[in-house]
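Taking it in order: structure first as structure tokens, then the write-up.
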Amino acid sequence: MKVLITGGCGFLGSNLAASYLQEGAEVIVVDALFRRGSAANLAWLEQQAAPGRFHFIQADLAEAEAVLAVFRRHAPFDYICHVGGQVAMTTSLTDPARDLQTNVLGTFAVLEAARALSPEALIAYSSTNKVYGDLEGLRYEETPTRYRLPDHPDGLDESLGLDFSTPYGCSKGAADQYVRDWARVYGLKTVVFRHSSIFGGRQFASFDQGWVGWFCQKAIEQKRAHQAGVAPEPFTIAGTGKQVRDVLHADDLIRLYRAAYDHRHQMNGEIFNIGGGAANSLSLLELFALLAELLAMPPLVYTPTPRRASDQDCFIAAIGKAERLLGWSPAISCREGVASMLTWTETQLMAA
């Protein structure tokens, strides 16, 4: 099996690449190495690979000729996991041109190269729940720890109307629709996954991307302060802390992408809302309580700041379609996942 993974040195891409390398597939990774941690993930992948089974190309997806060169050298592929892109909403606001170039033009370049040189491959695209906008038209309830959507107890499904908001939402949404339409117009086999919140090992979280990992880091830092007998430094959060997402561990995400390939002949422009589902939903406040419990420490201290523009107060993916068509559902609970994320984060902090 020959697999192309764009953004293969990022969080999701490196986990996918390692999974296929471990079973002896030939894996071609394209990554610009822009993000913190990508070089470390590359070194880790090189350790996983048997001789001749791993090929790394440092290239910017926004450069169509560079993408085409990868296909000319290595195509045809069996599976194209297009998970590379600009993934932070805050970055899109400060540099919308770069966001567009990476997410829209980069996706277009991958689609056109695949159409010309690897038309039989399945193309899986990593999209986002941000294509649905702010969700301001939904009815909310507020509890002491979270916002709720009482009219959608099982979460939001794929019938929800698109409403691109922020440059990030626009660029990911445009790419999302290109991937879907290249199946309808040109007959490519494609699938779009609109992800909620994903986390796990190999994720080098930051303030503006990878919130579960980021708050795991803050919790560990505060525990160390308590152990040292000093007052912990508060971290900041945007809004009330009652915002809710359904979280999904990377191991479950790998099973999802594998399930899509197993059902590739049915993937003709399919779209799935993907997350941990209602059973694995967490607000920030609930995550903080869970972290304090798992670390056996006093409550976390934080400082609220104004709500982020275009934030969603509550997004939980209804994952019934993935269960029906792919036979997939999450196996790792949010509690188990957060515990493993704490272990990963502590290892990285010790190595720093």
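- Separating the CG atom in L287 from the CD atom in Q243 is a distance of 12.0 Å, to the nearest 0.5 Å.
- A salt bridge links D176 with R194; the closest basic N to acidic carboxylate O contact falls under 4.0 Å.
- No cation-pi contact links K218 to F235, judged by a cut-off of 6.0 Å to the six-membered ring centre and 45° from its axis.
- Within the structure, every pair that satisfies the side-chain hydrogen bond (donor to acceptor under 3.5 Å, both in side chains) test and touches residues 339-352, not counting sequence neighbours, is listed here: H249-S340.
- Taking the side chain as every heavy atom from C-beta outward, P330 and I319 approach each other to under 4.5 Å.
- Distance check, rounded to the nearest 0.5 Å: CD of E336 to CE of M341 gives 15.5 Å.
- Within 6.0 Å of CZ in R73 there are 12 or fewer heavy atoms belonging to other residues, nucleotides or ligands.
- We find that D60 and R98 are joined by a salt bridge, their nearest charged nitrogen and carboxylate oxygen being less than 4.0 Å apart.
- Under the 6.0 Å distance and 45° angle rule, R202 counts as a cation-pi partner of W44.
- Sparse packing is recorded around CD of E233, with 12 or fewer heavy atoms of other residues, nucleotides or ligands lying under 6.0 Å away.
- Judged by the 6.0 Å and 45° rule, R180 forms no cation-pi pair with Y125.
- The side-chain heavy atoms of V30 and L4, taken from C-beta on, include a pair separated by under 4.5 Å.
- For the atom pair CG of L282 and CG of D246, the computed distance is 9.5 Å after rounding to the nearest 0.5 Å.
- Atom-to-atom distance recorded for I5:CD1 and S14:OG is 9.0 Å, nearest 0.5 angstrom.
- Among residues at least two apart or in separate chains, there is no ring pair (Phe, Tyr, Trp, His ring centres under 6.0 Å) pair with a member in residues 147-176.
- Interatomic distance, L291 CG to Q217 CD, rounded to the nearest 0.5 Å: 12.0 Å.
- Taking a cutoff of 4.0 Å between a charged side-chain nitrogen and a carboxylate oxygen, E158 and K321 do not qualify as a salt bridge.
- Two residues are said to be in side-chain contact when any heavy atoms from C-beta on lie closer than 4.5 Å; F315 and Y132 meet this criterion.
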**Request:** List the steps and the verdict of side chain to side chain donor-acceptor pair (under 3.5 Å) for W211 and S197.
**Result:** CA-CA 8 Å; W211 62 277; S197 291; 2.9 Å; yes

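- Using a 4.0 Å cut-off between a side-chain N of Lys or Arg and a carboxylate O of Asp or Glu, K172 and D99 do not qualify as a salt bridge.
- Using a 4.5 Å cut-off between side-chain heavy atoms of Ile, Leu, Val, Met, Phe, Trp and Tyr, with links allowed through other members, I123 and Y20 fall into different hydrophobic clusters.
- Residues R258 and S19 bring a donor and an acceptor atom of their side chains to less than 3.5 Å of each other.
- Scanning for salt bridge (charged side-chain N to carboxylate O under 4.0 Å, His left out) contacts around E136 gives an empty result, with sequence neighbours left out.
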**Message:** Run the salt bridge (Lys or Arg N to Asp or Glu O under 4.0 Å) test on R146 and E141 for me, step by step, so that the C-alpha distance in whole Å, both residues' side-chain angles and the decisive distance to 0.1 Å come before the verdict.
**Reply:** CA-CA 8 Å; R146 64 161 57 197; E141 290 180 350; over 6 Å; no

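- A continuous path of ILVMFWY side-chain contacts below 4.5 Å connects L326 to L253, so both sit in one hydrophobic cluster.
- Two residues are said to be in side-chain contact when any heavy atoms from C-beta on lie closer than 4.5 Å; E270 and L325 meet this criterion.
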Donor-acceptor pairs under 3.5 angstrom involving side-chain atoms of residues 262-269: please list them, not counting sequence neighbours.
from	atom 1	to	atom 2	distance (Å)
H263	ND1	A259	O	2.9
R264	NH1	Y261	O	2.8

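- The hydrophobic clustering, which links ILVMFWY residues whose side-chain heavy atoms are closer than 4.5 Å, places L93 and V87 apart.
- The hydrophobic cluster containing F204 also contains I220, counting ILVMFWY residues as joined when their side-chain heavy atoms lie under 4.5 angstrom apart, directly or transitively.
- Judged by distance alone, the side chains of D134 and S165 do bring a donor and an acceptor atom under 3.5 Å apart.
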**Request:** Take E323 and S329, measure what side chain to side chain donor-acceptor pair (under 3.5 Å) needs, and give me the verdict at the end.
**Result:** CA-CA 6 Å; E323 293 172 343; S329 61; 4.7 Å; no

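- Residue pairs meeting the side-chain hydrogen bond (donor to acceptor under 3.5 Å, both in side chains) criterion with at least one partner in residues 114-123, sequence neighbours excluded, are E112-R115.
- A distance of 12.5 Å separates OG of S283 from CZ of R148, quoted to the nearest 0.5 Å.
- For the ring pair (Phe, Tyr, Trp, His ring centres under 6.0 Å) test, residues two or more places apart in sequence or in another chain that qualify with Y178 are F108, W182.
- Between F71 and F77, the ring planes lie perpendicular to each other; the angle is over 60°, past the 30° to 60° tilted range.
- The shortest distance between side-chain heavy atoms of P298 and H226 falls below 4.5 Å.
- Taking the centre of each ring, Y302 and F215 stay at or above the 6.0 Å mark.
- Here the side chains of T107 and T102 are not in contact, with every heavy-atom distance at 4.5 Å or above.
- Taking the side chain as every heavy atom from C-beta outward, D313 and V244 never approach each other to under 4.5 Å.
- Cation-pi check for R308 over F207 is met; the charged atom lies under 6.0 angstrom from the ring centroid and within 45 degrees of its normal.
- A salt bridge links R139 and D151; the closest N-O separation between the charged side-chain nitrogens and carboxylate oxygens is under 4.0 Å.
- Looking only at side-chain heavy atoms (C-beta outward), N129 and H195 stay at 4.5 Å or farther from each other.
- Both L16 and L248 are members of a single hydrophobic cluster when ILVMFWY side chains are connected at heavy-atom separations under 4.5 Å.
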